[in-house]
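Okay, so here's the structure we're looking at.
This one's a predicted model, so the numbers in the text were calculated from it and none came from an experiment.
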Amino acid sequence: MHKTINSTDLRNMILVGAKQLEINRAKVDALNVFPVPDGDTGTNMSLTMQSCVKEMTACQSSSFAEVCDSISKGALKGARGNSGVILSQILKGLCTIIRKAEKEVDVKTFAKAFESATKVAYGAVSVPKEGTILTVIRMMSEYAVKIAAKKKNIETFLEDVIKEGDRALSLTPEMLPVLKKAGVVDSGGVGLMTIIKGFLSALTGEEIADDYADMEASASEDGEFGDNSAILNMDIGEIQFAYCTEFFIINMKKSTTLSAIDRLREKLMSIGDSVICIGDLEFVKVHVHTNQPGKALTYALELGELDRLKIENMLEQNRQLKAKMDAERKEMGMLAICTGAGLSEIFKELLVDRIIEGGQTMNPSANDIANAAQKINADHIFVFPNNKNIILAAEQAKNLVENKTLHVIPTKNVPQGFAAALEFSTDCSAEENKTNMIHALDNVKVGQVTYAVRNTTLNGFSIKEGDIIGLDDKKILAKSHSLEETVLKLIGKMKEEFHQVITLYYGEDVKEEEAEELCAVIAEKYPDCDVDFHNGGQAVYYYIMALE
């Protein structure tokens with residue numbers, strides 16, 4: 001039994017927690033409340049944990065402070081969707097307390113970490129909603145503090161905290177009527193409990209498969225060695241090691257051993273950073289940022305011959321790239337998130353600078369959004385999330401960008417994104433553009449048509465799997481067995497007298513001639529409106545409709 005845990009135990013807990021969640025990811029996705037095929041809570045939380053593991057694996061330190069910082073950083077960088085963002089804040093709260101430990105963490109400290117996790121998670125949500133993952137972490141933390149003084153080891157402490165978490169989870173349907181109607185518990189809470197149970201499994205001796213050992217290398221490499229694009233976002237004074245030095249060692253000397261390769265790695269770490277030194281007695285790959293490239297080569301020549309040598313001056317690269325960027329820099333730019341080639345093309349026609357593929361079932365992380373924004377050469381970036389489950393991640397991205405300001409326009413769907421982009425004007429200031437964009441969102445009413453993936457009763461409808469359903473951004477408004485009938489019913493529920501334009505964006509499962517025929521029917525029924533259609537190419541939704 002563990003009376004305390006050390007940093008190695010913490011690493012194992014994160015590894016097993018991530019693995020357990022990935023194994024159960026589909027089950028968590030299936031708990032999605034709404035009867036549309038966009039359940040992605042498990043996927044978002046799993047990708048957040050995998051990013052956490054990648055960052056942690058890259059950290060070679062054994063100190064709690066550095067391990068915890070890598071966990072927090074990885075979780076934030078990989079946070080996807082609301083569930084992933086909240087999970088990243090829970091991990092951040094845990095690590096805020098644990099990182100202060102010198103060598104070991106006891107039960108009382110762990111209980112304080114749970115308490116901190118709740119505080120940070122609740123603080124990340126503008127309007128916390130009970131009956132969600134927040135309730136589960138809160139009730140666990142309150143119970144953890146209550147029992148900490150009575151528990152002598154971490155395992156029994158976690159066992160009891162998990163029981164309380166399961167109890168909290170069972171209560172979520174009573175707190176959120178929508179869960180009760182669907183006959184499910186909160187999916188984010190299930191994801192969290194899966195991770196915490198993984199923590200316990202790591203301590204009780206479950207074998208840990210090193211599934212993530214090569215993840216950091218494979219994710220960061222570009223071609224043979226990787227690139228130096230990160231220097232674009234650095235000041236000259238921040239570049240501690242000027243020369244990116246890369247080569248292979250071949251035709252090893254007979255005296256070379258595997259231990260010699262390990263010693264080379266240690267020598268390289270003493271003269272630089274970003275060290276890669278991997279291989280065997282046949283072939284070794286080396287990458288190091290250093291101010292002494294000659295010394296790196298000399299060390300390597302003790303093992304064998306050098307091949308494909310490349311030394312680049314990152315200081316000069318930085319100067320040239322920054323000069324080019326400064327010359328081309330503009331005041332304002334736009335970034336949109338959407339899925340579907342047709343929708344992307346429309347955003348490009350509206351002069352949006354960069355587009356991230358994402359939406360239902362595929363939420364980009366805060367880091368994805370920040371990286372895309374960083375590549376737009378402008379001081380102010382307007383971000384169109386175009387999905388209510390991406391808005392929180394976009395807000396988190398503000399903390400990850402450097403030397404520019406992100407303005408998140410809270411677009412909940414693509415037509416709102418189009419409306420916002422149409423308001424952009426280079427003659428207006430950033431604040432004026434932001435105000436105009438936000439006001440534009442009120443001028444478009446949006447409906448979506450898809451199919452039900454479960455039997456349920458919701459919003460006064462008895463829905464069967466396979467039904468065609470029409471919904472706005474809040475609830476189901478129409479359903480039938482016919483796509484055309486559902487579209488017409490949905491328009492009938494949504495249209496108001498002042499609407500003059502009806503636009504349909506048809507998805508990947510709809511043929512152009514089908515959309516054209518449907519538009520003709522709509523135009524005949526509503527002769528006072530201009531009716532148009534465009535190829536959106538989106539998945540999941542047969543049609544996205546905009547009424548203006």
Side-chain angles (χ1 to χ4, degrees), residues 7 11 53-63 65-74 77 212-253 255-322 367 371 374 400 402-403:
S7 63
R11 285 177 179 270
V53 168
K54 285 194 295 183
E55 198 77 28
M56 182 187 72
T57 303
C59 174
Q60 300 180 3
S61 173
S62 61
S63 77
E66 293 187 43
V67 172
C68 284
D69 288 348
S70 69
I71 292 170
S72 298
K73 181 180 179 182
K77 288 172 64 176
Y212 306 93
D214 299 323
M215 189 177 291
E216 180 66 25
S218 62
S220 64
E221 288 175 7
D222 178 17
E224 292 172 348
F225 290 103
D227 60 42
N228 297 314
S229 59
I231 67 172
L232 283 171
N233 302 321
M234 299 176 66
D235 293 327
I236 293 292
E238 295 175 342
I239 300 178
Q240 182 180 359
F241 299 106
Y243 299 96
C244 177
T245 306
E246 305 169 347
F247 53 86
F248 295 107
I249 307 175
I250 60 175
N251 298 327
M252 300 292 182
K253 294 179 180 179
S255 59
T256 299
T257 63
L258 292 175
S259 296
I261 297 174
D262 292 335
R263 287 194 295 274
L264 172 61
R265 184 183 301 108
E266 293 172 0
K267 289 180 180 179
L268 294 173
M269 291 177 68
S270 71
I271 62 169
D273 65 5
S274 300
V275 174
I276 296 175
C277 183
I278 55 175
D280 51 31
L281 297 180
E282 296 293 325
F283 177 91
V284 174
K285 172 182 175 181
V286 174
H287 172 279
V288 60
H289 292 173
T290 179
N291 290 326
Q292 300 170 290
K295 186 171 285 189
L297 302 183
T298 299
Y299 291 154
L301 284 168
E302 296 175 2
L303 276 65
E305 299 174 5
L306 305 187
D307 186 40
R308 299 165 74 178
L309 175 65
K310 182 173 73 171
I311 301 175
E312 294 181 340
N313 183 342
M314 294 191 293
L315 290 171
E316 183 58 22
Q317 284 181 335
N318 184 281
R319 294 186 190 99
Q320 293 177 359
L321 290 170
K322 281 190 174 294
N367 195 49
N371 285 341
Q374 202 73 56
L400 299 174
E402 299 177 2
N403 303 319

Nearest 0.5 Å, please: how far is [atom2] in [Y] from [atom1] in [X]?
X	Y	atom1	atom2	value
M56	K73	CE	NZ	15.0 Å
T290	L297	OG1	CG	9.5 Å
E302	K253	CD	NZ	7.0 Å
K54	C59	NZ	SG	16.0 Å
T245	L309	OG1	CG	8.0 Å
L400	N371	CG	CG	8.0 Å

For Y299, does the OH atom sit with more than 12 other heavy atoms under 6.0 Å from it, leaving out its own atoms?
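Buried by this count: over 12 neighbours within 6.0 Å.
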Would you name the heavy atoms of [X] and [Y] that are closest together and state the gap between them?
X	Y	value
G74	E55	CA-CB, 3.6 Å
L303	T256	O-OG1, 2.7 Å
S61	E66	CB-OE1, 3.2 Å
L306	A300	CD2-CB, 3.7 Å
Y243	P293	CD1-CD, 4.0 Å
V67	S7	CG2-CB, 4.4 Å

Test item: I249 and L264 side chains (from C-beta on) under 4.5 Å apart, heavy atoms
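I249 vs L264: side chains touch.
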Kindly indicate whether the side chain of F248, heavy atoms from C-beta on, has any atom under 4.5 Å from the side chain of V286.
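Sidechains of V286 and F248: no contact.
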Output yes when a side-chain donor or acceptor of N251 lies under 3.5 Å from a complementary backbone atom of G304, and no otherwise.
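Checked: no pair found.
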With the threshold set at 4.0 Å, does a side-chain nitrogen-carboxylate oxygen contact exist between E266 and R263?
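Judged by the 4.0 Å cut-off on N to carboxylate O distance, E266 and R263 do not form a salt bridge.
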